[in-house]
Amino acid sequence: SFTMNMYLVLYDLMQFCGHSWIFTNMIIRFMTFGKESLADTFHSIGFVMRLCQLLSVLEILHILIGIDKSRLLPRFLQITERIIVLFVVINSQEEVQGKYIVCVLFFLWNLIDVIRYTYNMLARMGIYYLPLTWLNFSLCILLYPLSVLAKGFAICVSLPYFESFGTYSIKLPFPFTFSIYFPYVLKMYLLVLFAGMCFIIQNLFSERAAHLGIGNIKNKRS
């Protein structure tokens with residue numbers, strides 16, 4: 001309906017504004033302070049970043065109630081990956097927040113999202129630009145694996161701190177005879193992260209072929 005479509009346009013506009021602010025802030029801070037700004041990235045833009053990522057959970061609801069026709073599982077995996085890395089790994093360990101990998105990760109996330117939300121917002125209004133369409137469905141195929149590698153590196157960097165401080169590790173009381181050692185959970189999640197990457201990349205190629213008509217072009221040539 002028109003009302004739901006306008007709601008989605010406003011949602012995309014809010015996300016575009018949030019990620020554009022983060023992206024612009026990162027570039028200006030780097031141009032002003034140089035490498036010194038990298039260690040302070042989380043403290044300067046972390047609040048807005050967390051707000052945008054929490055807001056992105058609504059996208060799962062949009063798909064479930066049928067107002068967004070995107071596939072549920074790929075979007076669910078992409079959103080949960082960010083939520084886990086941002087809130088569980090980075091936000092809980094202050095020592096990790098000052099690492100350069102956080103700046104790299106935020107840069108990749110926001111570059112992807114500025115393009116994606118721009119495309120979504122215009123597409124919902126019936127406006128399509130071929131260069132933007134190509135950029136949205138092509139650049140993400142390159143940037144998404146890089147972001148997964150950055151997530152994996154951030155998790156590896158955080159492991160010594162989870163081991164030292166015992167964050168989220170739980171020793172269950174009697175009658176249970178086992179405990180949950182969180183660094184092991186993170187190591188297992190690394191396997192899930194890279195397995196999910198293969199599935200999501202396959203979905204990205206399918207979306208690119210569908211929106212750019214690559215399959216139709218090949219059929220015409222043959």
Side-chain angles (χ1 to χ4, degrees), residues 5 7-30 38 41-42 44-63 67-91 97 101-125 127-129 131-154 193 196-197 199-201 203-208 211-212:
N5 193 60
Y7 159 75
L8 291 175
V9 170
L10 290 175
Y11 168 81
D12 290 330
L13 178 61
M14 288 177 59
Q15 287 282 34
F16 168 78
C17 291
H19 288 288
S20 296
W21 181 88
I22 296 171
F23 192 70
T24 304
N25 187 285
M26 290 180 66
I27 293 175
I28 292 175
R29 285 176 54 80
F30 181 76
L38 302 181
T41 296
F42 184 85
S44 61
I45 64 175
F47 175 76
V48 181
M49 192 70 197
R50 284 173 291 191
L51 188 63
C52 288
Q53 296 308 317
L54 284 176
L55 196 61
S56 69
V57 177
L58 288 174
E59 295 177 28
I60 299 175
L61 179 62
H62 297 164
I63 298 173
I67 61 175
D68 189 339
K69 302 304 180 182
S70 302
R71 294 181 63 188
L72 176 61
L73 184 56
R75 195 73 200 110
F76 174 79
L77 290 175
Q78 288 176 297
I79 291 172
T80 52
E81 285 172 7
R82 293 191 182 188
I83 294 294
I84 291 171
V85 172
L86 179 58
F87 287 91
V88 178
V89 176
I90 299 175
N91 191 63
Q97 296 169 11
I101 190 61
V102 175
C103 181
V104 173
L105 192 57
F106 283 10
F107 180 84
L108 291 172
W109 283 356
N110 285 281
L111 181 56
I112 292 171
D113 285 341
V114 166
I115 296 171
R116 184 168 68 89
Y117 287 115
T118 301
Y119 171 82
N120 287 347
M121 181 173 55
L122 294 177
R124 298 188 201 284
M125 295 187 291
I127 302 172
Y128 296 92
Y129 293 108
L132 180 61
T133 302
W134 183 91
L135 197 63
N136 181 61
F137 291 103
S138 300
L139 191 61
C140 60
I141 294 176
L142 173 64
L143 295 182
Y144 175 72
L146 293 177
S147 72
V148 171
L149 290 175
K151 292 170 195 172
F153 189 78
L193 186 65
M197 180 184 70
F199 171 74
I200 292 174
I201 289 176
N203 181 72
L204 291 174
F205 273 107
S206 299
E207 287 186 342
R208 183 176 185 272
H211 286 82
L212 297 179

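We use all heavy atoms of the structure for the numbers below, so side chains are in, but hydrogens, waters and symmetry mates are not.
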Inspect the surroundings of CZ in F205 and state if more than 12 heavy atoms from other residues, nucleotides or ligands are less than 6.0 Å away. no
Going by heavy atoms in the side chains, are D113 and S56 under 4.5 Å from each other? no
NE2/H19 to CD/Q53 distance, rounded to the nearest 0.5 angstrom? 5.5 Å
Nearest 0.5 Å, please: how far is CD in E207 from CG in N136? 8.5 Å
Does the side chain of Q97 come within less than 4.5 Å of V102's, by heavy atoms? no
Go through it in stages, so that I can follow the logic: the residues are K151 and I84, the test is side-chain contact (heavy atoms from CB on, under 4.5 Å), and I'd like the CA-CA distance, side-chain angles, deciding distance and then a yes or no. CA-CA 10 Å; K151 292 170 195 172; I84 291 171; over 6 Å; no
Should L139 and I112 be marked as a side-chain contact (heavy atoms from CB on, under 4.5 Å) after you check the CA-CA gap, both sets of side-chain angles, and the distance that decides it? CA-CA 8 Å; L139 191 61; I112 292 171; over 6 Å; no
Could you go step by step and tell me if M14 and L10 meet the side-chain contact (heavy atoms from CB on, under 4.5 Å) rule? CA-CA 6 Å; M14 288 177 59; L10 290 175; 5.5 Å; no
Counting N and O atoms only, with roles assigned by atom type, does the side chain of S138 sit under 3.5 Å from a partner on the main chain of L135, one being a donor and the other an acceptor? no
Test your reading of the model: is there a side-chain donor-acceptor pair from N110 to the backbone of F106, 3.5 Å cut-off? yes
Between atom CD1 of I67 and atom CG of L8, what is the distance when rounded to the nearest 0.5 Å? 4.5 Å
F87/R82 under side-chain contact (heavy atoms from CB on, under 4.5 Å): CA gap, chis, key distance, verdict: CA-CA 8 Å; F87 287 91; R82 293 191 182 188; over 6 Å; no
Over 12 foreign heavy atoms within 6.0 Å of CZ, F153: no
Of all heavy-atom pairs linking C140 and P145, the shortest is O-CD, 4.0 Å
To the nearest 0.5 Å, atom CZ of R50 lies from atom CG of N91 at 4.5 Å
Among residues at least two apart in sequence or on other chains, which ones pass salt bridge (charged side-chain N to carboxylate O under 4.0 Å, His left out) with E59? R75, R116
Do I200 and L73 have side-chain heavy atoms sitting under 4.5 Å apart? no
Report, as yes or no, whether the 6.0 Å neighbourhood of atom OH on Y144 holds more than 12 heavy atoms from other residues, nucleotides or ligands. yes
Would you say that I90 contacts L105 through its side chain, given a criterion of any heavy-atom pair below 4.5 Å between the two side chains? yes
How about L86 and W109: do any of their side-chain heavy atoms sit closer than 4.5 Å? yes
Using side-chain heavy atoms (C-beta onward) and a distance below 4.5 Å, is S44 in contact with R29? yes
For A154 and V89, work out which heavy atoms get closest and say how close. O-CG1, 4.0 Å
Ring pair (Phe, Tyr, Trp, His ring centres under 6.0 Å) partners for F107, two or more places apart: F23
Between atom CG of L142 and atom CD1 of I201, what is the distance when rounded to the nearest 0.5 Å? 10.0 Å
How many angstroms lie between SG in C103 and CG in L108, if you round to the nearest 0.5 Å? 9.5 Å
Is T41 close to I45 at the side-chain level, that is, under 4.5 Å between some pair of heavy atoms? yes
Side-chain heavy-atom pair Y119, T133 within 4.5 angstrom cut-off: yes
Those residues that, when tested against D68, pass side-chain contact (heavy atoms from CB on, under 4.5 Å) (two or more places apart): H62, I63, S70, R124
Can you tell me which residue among Y117, Y128, Y129 is in a side chain to side chain contact (heavy atoms under 4.5 Å, CB included) with L122? Y129
